[in-house]
2 protein chains.
Amino acid sequence: MTTYGPSLTYHHGNLRKALLDRAAAVIAEQGIECLSLRALARDLGVSHAAPSRHFTDKADLLRALATEGSDKFIAYVFAAAEAAGDNPLERYAAMGKAYIRFSLEYPAYYRTIAHPEVVAHADDELKASEKRRSLIINDAARAAQAAGWLPDESIDDIVMFSIATVRGVSAMLGDPLHSRQSEIRDYEALIDRMVRLIIDPAAPQKSLNPATRNDEKQPGGKNNEGDRM
Amino acid sequence: MTTYGPSLTYHHGNLRKALLDRAAAVIAEQGIECLSLRALARDLGVSHAAPSRHFTDKADLLRALATEGSDKFIAYVFAAAEAAGDNPLERYAAMGKAYIRFSLEYPAYYRTIAHPEVVAHADDELKASEKRRSLIINDAARAAQAAGWLPDESIDDIVMFSIATVRGVSAMLGDPLHSRQSEIRDYEALIDRMVRLIIDPAAPQKSLNPATRNDEKQPGGKNNEGDRM
DNA sequence: ACCCCAATGTTGTCAATGACAACTTAAGGT
DNA sequence: ACCTTAAGTTGTCATTGACAACATTGGGGT
């Protein structure tokens, strides 16, 4: 955060963007509930009512942030899928990992997107972005199922289960307390394991961190259906 | 909510309990962020500072509610496990279902327990209850693994995966928007399916709701390891 | 080049809230 | 019956979101 002292110019230049940036920083540091429009204005060296020129109220600012975040989320997750190649299951796994990674890389965006209050007051633009988000996941889940994954489940169940899990993992890893007390070494590996548990719990671990897995038993059988991806 | 009009007695009788009850009602209806000590006092017909005799501040009230809720949660989940019999996997599944059911039956308790801010300001009593909660789940997960479930995963991973999923499902079902737009008929059946996906995704559905599952294919093979519970 | 107006910020105010202080009431043990 | 003290009350202050009325300035049309 760069503070410019008493502003030399009457007009800020790009207060709207500055507000969104600072809001994201505050949300990432102290959570969405601690956001205060007046504090934001103070941080940026403008008067307490200046933000109202750009956002009618707090919900409006959060809506804008959520829209930005939702679009960024879509791009992030889609890019991960593309990078994963053509196998629908690998694509779906990559999206699951990207979901969790996004929540850690952009906690402010993620918390805003996921906040029930924000979602409840979504305008048409945000609703549209949410819909796109939902569609991209649904489509990928459908493709994964078509490739042989969980053939007996309804697509709604599959999607709900997948989202619930990545959402839960994101919430747990994003909670400063939980992650502080459980001393996680390697987030990437943890995310991989969580997504593997969603997609193919019967498969044996591929690259194993000796500290985080159990003793090697099981000579070869047991996971007869392994290697689905 | 029963309002007694201008109180006839100077003393309320049991304001502490009344505050907790009313707080739970408000949280269930409007969410934890909408809770206001002054509104609570108004609802109960006492002065705006009366609550401070029982709770030093808002966090203190939420802490009390969370402690109550955490203890109730433990009893609820433990009872479900006991009712499920001796099979560790069935017990674990019953606990998972109970987790989600608790969040729907006691949304105020659940939201309070799960609120990061509340957890962050936990006192020793609440921390102790949280620890018991954590232990009961860990033990059950260990037993389930000892009974053959996911033998290759670390217990921490198993617990994180399980909790993340039930937590995510609870969040999704507890969000008025999500459940309003997705028209869920039978919560019990949905919860069963979600927990089955955690514990034994390869197993075929047992009692099937034709509307929520796919066409029956798969004559018999494929789920060779089924019926673990 | 000039002027004017609309976008952008500012000061001022109000109601709601959490938190605290100082005062008041009544309930129950001795 | 008394009187200590738990339980409520009124009063006040700082913070905040929201709004209204006023001030400044930069850029576009003439």
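We name chains A, B, ... by the order of the sequence lines, and we start the count at 1 in each one. Keep in mind that this is a model prediction, so the values were computed, not measured.
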Closest listed nucleotide, where the reference is the side chain of A/Ser47 and the choices are D/dA18, D/dT9, C/dT11: C/dT11
Shortest side-chain distance from A/His48, nucleotide among D/dG8, C/dG12, C/dA21: C/dG12
May I have the distance from [X] (atom [atom1]) to [N] (atom [atom2]), rounded to whole angstrom?
X: B/Asp43; N: C/dA16; atom1: CG; atom2: C1'; value: 15 Å
X: B/Leu37; N: D/dG8; atom1: CG; atom2: P; value: 14 Å
X: B/Leu35; N: C/dG18; atom1: CG; atom2: P; value: 8 Å
X: A/Leu19; N: D/dG17; atom1: CG; atom2: P; value: 12 Å
X: A/Leu40; N: D/dA18; atom1: CG; atom2: P; value: 13 Å
X: B/Glu117; N: C/dG18; atom1: CD; atom2: P; value: 14 Å
X: A/Leu15; N: D/dT25; atom1: CG; atom2: P; value: 16 Å
X: B/Asn14; N: C/dA26; atom1: CG; atom2: P; value: 19 Å

Test side chain to side chain donor-acceptor pair (under 3.5 Å) applied to A/Glu130 - qualifying residues, sequence neighbours left out: none
B/Lys131: side chain to side chain donor-acceptor pair (under 3.5 Å) partners, not counting sequence neighbours: none
Flag for A/Tyr92-A/Ser162: side-chain donor and acceptor within less than 3.5 Å: yes
Proximity of B/Tyr110 and B/Tyr106 rings by center, below 6.0 Å: no
Output field: ring centroids B/Tyr99/B/Tyr76 closer than 6.0 Å: no
Sugar-phosphate only, base, or nothing, as touched by A/Ser36 at under 4.0 Å among non-hydrogen atoms: sugar-phosphate
Presence of A/Arg38 side-chain N/O under 4.0 Å of D/dA14 phosphate oxygens OP1/OP2: no
Nucleic acid contacts - residues 50-66 of chain A versus DNA chain C, non-hydrogen atoms under 4.0 Å: A/Ala50, A/Arg53, A/His54
Heavy-atom closest contact (B/Phe102 atom, B/Ile113 atom, distance): CE2-CD1, 4.3 Å
side-chain contact (heavy atoms from CB on, under 4.5 Å) between B/Arg101 and B/Tyr187, worked out: CA-CA 9 Å; B/Arg101 246 186 285 117; B/Tyr187 276 89; over 6 Å; no
